[in-house]
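Just below is one structure, and these are the notes that go with it.
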Amino acid sequence: MSTSSQPQFRYTQTPSKVLHLRNLPWECAEEELVELCKPFGKIVNTKCNVGANRNQAFVEFADLNQAISMVSYYASSSEPAQIRGKTVYIQYSNRHEIVNNKSPGDTPGNVLLVTIEGVEPNDVTIETIHLVFSAFGFVHKIATFEKAAGFQALIQFTDAETASSARNALDGRSIPRYLLPDHVTSCYLRISYSAHTDLNIKFQSHRSRDYTNPYLPVNPTAMEGLMQPVVGPDGKKQEPQSNVLLASIENMQYAVTVDVLHTVFSASGTVQKIAIFEKNGGTQALIQYPDVTTAAVAKESLEGHCIYDGGYCIQ
């Protein structure tokens, strides 16, 4: 008999082909459960990491006699059931089958739900999130928000395979330290699958991006959030550097389209995206370059210049 003070079984329950396992190691994997149970019969379903402490699980055998065989064996054995050296307590479940084994967060999809632990919303920019996740494939869209669980993001990939690669590589890992503000000491990613398949992004902003639609309007209320103030050594505010330029077009006598702006700004380097919008009665545009250096060159060469001859449409 086991030397543990806690009984390993509950004998009064009606036998079921579903067994309830308790006192499991942290984040016990399905493979570990199957390894423990498969000597007694065919496992047809499992439900892992159940309970507030995620240390319980359910295992369903193909046949009732197989479940009875496992319970009977460990009831009479001098060695308790163990996983990773921990004694596992086994009892019949009051359910007769496992239904909906996989929650929405476990069903692979092309959209990931990412919880970023240990940070405030302004600590991690949407550009940082894009940089980290685009290493695994083309990121279509990102939407960030705050919930009771903390700062979260929905990240849409082309397909479930790409999303799974990102999840497998990044879940439980930290965002690289050099991409975080100095005051952030730890930052961990908790990643599950979302039930969404296509995010509805209405505006480009510091909280949401659609990388498939460069002509999507920019939310004017979010413009200030795109660029955080930078303080120089003298304590005065400096204009922050960015690979995205904000162009205000004055004395606008002729139409200024995306194509016109692309022609003008691509003279300084490759233009990735352009968005035109109205703000405070004037016309403005966001022009995105691949890097800060190219954007700085464009700003230096074009600021104050005219798009058309005669002093019209000054940038």
Side-chain angles (χ1 to χ4, degrees), residues 1-115 136 157 159-173 188-195:
M1 295 293 291
S2 170
T3 57
S4 172
S5 59
Q6 183 174 358
Q8 215 179 343
F9 307 97
R10 184 181 294 173
Y11 299 102
T12 57
Q13 281 198 319
T14 303
S16 166
K17 63 180 180 179
V18 178
L19 300 183
H20 181 197
L21 285 67
R22 297 176 292 120
N23 199 45
L24 294 166
W26 171 251
E27 292 191 346
C28 180
E30 180 182 28
E31 291 77 10
E32 294 176 293
L33 291 176
V34 172
E35 188 67 25
L36 174 67
C37 302
K38 69 180 182 181
F40 302 95
K42 181 180 179 182
I43 309 299
V44 297
N45 216 341
T46 63
K47 190 174 182 68
C48 307
N49 300 316
V50 177
N53 295 321
R54 298 172 62 85
N55 63 347
Q56 302 179 48
F58 294 94
V59 176
E60 180 181 343
F61 283 93
D63 182 79
L64 175 62
N65 290 328
Q66 296 170 348
I68 294 174
S69 175
M70 182 173 182
V71 170
S72 299
Y73 174 83
Y74 283 112
S76 59
S77 174
S78 60
E79 295 295 329
Q82 289 188 338
I83 293 179
R84 287 191 237 158
K86 288 196 68 174
T87 296
V88 178
Y89 302 111
I90 306 171
Q91 65 191 52
Y92 294 116
S93 172
N94 57 10
R95 65 177 75 183
H96 297 287
E97 65 176 338
I98 296 175
V99 181
N100 296 328
N101 174 46
K102 291 189 175 182
S103 67
D106 295 324
T107 304
N110 66 312
V111 178
L112 298 178
L113 172 61
V114 181
T115 302
F136 301 91
F157 286 98
D159 49 46
E161 183 179 358
T162 308
S164 296
S165 298
R167 184 191 187 217
N168 293 338
L170 296 175
D171 187 29
R173 303 289 295 275
Y188 294 97
L189 304 174
R190 301 297 176 192
I191 306 175
S192 60
Y193 296 105
S194 169

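Sequence positions, counted from 1, serve as the residue numbers for this chain. Side chains are part of it too, since the values below use all heavy atoms of this structure and drop only hydrogens, waters and symmetry mates. Source: prediction; values computed, not measured.
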request  = Hey, could you give me the CD1/CD distance between Ile43 and Glu35, rounded to the nearest 0.5 Å?
outcome  = 11.0 Å

request  = Return yes if some donor-acceptor pair links the side-chain N/O of Asp171 with the main-chain N/O of Arg167 below 3.5 Å, else return no.
outcome  = no

inquiry  = Under 6.0 Å between ring centres: does that hold for Phe61 and Phe40?
reply    = no

ask   = Which distance, rounded to the nearest 0.5 Å, do you find between the CH2 of Trp26 and the NZ of Lys86?
value = 11.0 Å

request  = Answer yes or no: is there a donor N or O on one side and an acceptor on the other, between the side chain of Ser77 and the main chain of Tyr73, under 3.5 Å?
outcome  = no

inquiry  = For Leu64 versus Pro15, what's the shortest heavy-atom pair and its separation?
reply    = CD1-C, 3.8 Å

key: Spacing of Gln82 atom CD and Asn23 atom CG [to the nearest 0.5 Å]   = 10.5 Å

message = The test is side chain to side chain contact (heavy atoms under 4.5 Å, CB included); show your working for Leu33 and Ile83 and say whether it passes.
response = CA-CA 8 Å; Leu33 291 176; Ile83 293 179; 4.1 Å; yes

query = Between Met70 and Leu36, what is the shortest heavy-atom contact and its length?
reply = CE-CG, 3.9 Å

inquiry  = Using side-chain heavy atoms (C-beta onward) and a distance below 4.5 Å, is Leu170 in contact with Phe136?
reply    = yes

task = List the atom of Gly172, the atom of Arg190, and the distance in Å for their closest heavy-atom pair.
result = CA-NH1, 3.5 Å

query = If every non-hydrogen atom of Ser16 is compared with every non-hydrogen atom of Ser93, which pair is closest and at what distance?
reply = CB-O, 3.3 Å

task = Check whether any side-chain heavy atom of Pro25 lies under 4.5 Å from a side-chain heavy atom of Cys28, and answer yes or no.
result = yes

inquiry  = Can you tell me how far apart OG (Ser194) and CG (Leu112) are? Round to the nearest 0.5 Å.
reply    = 8.5 Å

inquiry  = In the structure I gave you, are the side-chain heavy atoms of Tyr89 and Pro80 within less than 4.5 Å of one another anywhere?
reply    = no

Minimum heavy-atom distance Ala62-Gln66, with the two atoms named = N-OE1, 3.4 Å

query = Pick one: which of Glu60, Lys17, Glu30 meets side chain to side chain contact (heavy atoms under 4.5 Å, CB included) with Asn45?
reply = Glu60

request  = Begin with the C-alpha distance, continue with both residues' side-chain angles, and end with the deciding distance and a verdict on side chain to side chain contact (heavy atoms under 4.5 Å, CB included) for Leu19 and Tyr92.
outcome  = CA-CA 5 Å; Leu19 300 183; Tyr92 294 116; 3.5 Å; yes

key: Closest contact, heavy atoms only, Cys48 versus Ala29   = SG-C, 4.4 Å

key: Distance (rounded to the nearest 0.5 Å) between Leu24 CG and Glu32 CD   = 9.0 Å

ask   = Out of curiosity, Asp63 CG to Lys42 NZ, how far, rounded to the nearest 0.5 Å?
value = 11.5 Å

